[in-house]
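Here is the structure we will look at, set down as structure tokens.
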Amino acid sequence: MARPTVRWGAFLGLGVLWWWAVLRLAFAPGAGVLEGAVAAGGWGLGLLPVHCVPKTRATGVMGAGRWRVAWRTARVTMASPPRRSDAGSGPS
């Protein structure tokens, strides 16, 4: 029970610290490097891909040796057929 409480307390504390830095940068004329570093660090953490999963648990993941085969077949199937001169420019 103490773990979730400590975790939420840490999140709340870091969130308050980040908002303090952002608001100080926006409204205080004496804001400096410390506030900028805290705000930029928090913004950078917001860009982390939290939806990522380990490769072993991902759906549709291919084995290491299958990439060559996949690229070869993709190149073959992605090639567009040659255009015919009487085909026109598109659907009519």
Side-chain angles (χ1 to χ4, degrees):
M1 184 78 169
R3 273 188 180 162
T5 306
V6 170
R7 187 180 314 151
W8 278 106
F11 289 151
L12 183 65
L14 290 173
V16 167
L17 179 69
W18 184 79
W19 274 109
W20 167 81
V22 169
L23 292 175
R24 186 160 160 84
L25 275 173
F27 297 116
V33 177
L34 176 66
E35 290 87 353
V38 170
W43 181 76
L45 285 176
L47 297 178
L48 284 175
V50 294
H51 59 277
C52 292
V53 295
K55 189 175 180 180
T56 56
R57 289 181 34 205
T59 25
V61 71
M62 288 195 296
R66 294 186 55 201
W67 280 108
R68 264 190 304 278
V69 176
W71 278 105
R72 282 188 200 138
T73 56
R75 262 190 273 146
V76 170
T77 57
M78 287 179 11
S80 54
R83 288 188 170 228
R84 293 181 11 193
S85 61
D86 64 341
S89 63
S92 48

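Hydrogens, waters and symmetry mates play no part in the numbers below; they use all other heavy atoms, side chains included. No experiment lies behind these values; they were computed from the predicted model shown.
By the rule that hydrophobic residues join a cluster once side-chain heavy atoms approach within less than 4.5 Å of another member, W19 and L17 end up as members of separate clusters.
Each side chain to side chain donor-acceptor pair (under 3.5 Å) pair with one or both residues in residues 31-40, not counting sequence neighbours, appears once here: R24-E35.
W8 forms part of a hydrophobic cluster together with F11, judged by ILVMFWY side-chain heavy-atom separations under 4.5 Å.
For the pair A21 and V38, the tightest heavy-atom approach, listed with the atom from each and the gap, is CB-CG1, 3.6 Å. Heavy-atom minimum distance, A39 versus V22: CB-CG2, 3.8 Å.
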